[in-house]
Amino acid sequence: VQFARQVFPWMWTAFALAVLSGFLMFTTDAGDYLPDTVFRTKMLVILLAVISAIVIQGKISKWGEQPTLSAAAKTAAVISIVLWIGSILAGVEIAAISGLG
Amino acid sequence: MHSSLMPLCRWLQNTSWATAIRTSLWGYPFIQLIHFSGLSLWLGTIAVADLRLIGVGNKSQTAGQVFDDLFAWNWIGFCTVVLGGFLLFSAQATTYVLNPAFRVKLGMVVPSALVWHVFVQWKTRDWGQTVETPAIAKLAGLIELLLWIGVVIAAVEIPNY
């Protein structure tokens, strides 16, 4: 938990940078990106991933107090990892399927 | 030098797996996924460790403790990013080996950054004993971050050449 708390500020700083640069890239071709299904899927997956990150950050103190990690904590972690890797997959698929970027 | 590598590159990209990656719709993005996921782990752990070494942010753990905690995931990330990178390279080896940005990335910046990384990890056993790190450690951490940013810059330039 102590470690996680140290990492959270960097995590959200990095996320802010990713969103900013992502937005700038989006504006270069917004008319093509916006209707694209793969791009929209990526935005949805990122939204879910951010929600999972917020939930985990909120619960981490409680989970850190447990002597062994609960099934809920482990499930949340797996879901979070799957969603973030899913974001990367959706990102690389934009170029592969739609030819954008 | 690259003339002697060309036969090897041609052989690589004609292997069944490299051809599969290059020609299938799903193969290439999937290998990119492996490369970028490994990269996230590799660079993420490096960033957290070096930022602690530089001394910005929370200091409830020493730099040594942070490096120790992250060591396994750092090198797991490395193995993953190298595997993905090798597979990506193999798919189009003859093209990559001639690309100036790729040659700068893999021939110059990655070896430099990697050697420096191992040096910093090793030296942090001493540097990371105290809550406040020595000035030389902060400089070393900063240099490492800049080197890896250089690797990423070289990598994103590859499509431009």
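The analysis underlying the following values was restricted to heavy atoms, covering all of them including side chains, and did not include hydrogens, waters or symmetry mates. A quick note: this is a predicted structure, and the numbers were derived from the prediction, not measured.
- In the displayed structure, A:Lys62 atom NZ is contacted under 6.0 Å by at most 12 heavy atoms of other residues, nucleotides or ligands.
- In this structure, the side chains of B:Phe36 and A:Ile85 stay at 4.5 Å or more apart for every pair of heavy atoms.
- More than 12 non-hydrogen atoms from other residues, nucleotides or ligands lie less than 6.0 angstrom from CG of A:Leu24.
- Distance check, rounded to the nearest 0.5 Å: CH2 of A:Trp84 to OG of B:Ser40 gives 10.5 Å.
- Between chain A and the residues B:Gly57, B:Pro29, B:Ala47, the largest count of heavy-atom pairs under 4.5 Å involves B:Pro29.
- No side-chain heavy atom of A:Val92 sits less than 4.5 Å from a side-chain heavy atom of B:Phe30.
- In this structure, A:Phe15 places its CZ atom where more than 12 heavy-atom neighbours from other residues, nucleotides or ligands lie under 6.0 Å away.
- Atoms CG and CH2, on B:Asn58 and A:Trp10 in that order, are 10.5 Å from each other to the nearest 0.5 Å.
- Within 6.0 Å of the CH2 atom in B:Trp122, the count of heavy atoms belonging to other residues, nucleotides or ligands does not exceed 12.
- The distance from the CD atom of A:Gln6 to the CG atom of B:Leu51 is 11.5 Å, given to the nearest 0.5 Å.
- B:Gln65 is not listed as a side-chain neighbour of A:Phe3, based on a closest heavy-atom distance of 4.5 Å or more.
- With a 6.0 Å radius and a threshold of 12 heavy atoms from other residues, nucleotides or ligands, B:Trp73 has its CH2 atom at or below the threshold.
- When B:Leu39, B:Leu33, B:Ile34 are each tested for a side chain to side chain contact (heavy atoms under 4.5 Å, CB included) with A:Ile88, only one passes: B:Leu33.
- Around atom CH2 of B:Trp26, no more than 12 heavy atoms belonging to other residues, nucleotides or ligands sit under 6.0 Å away.
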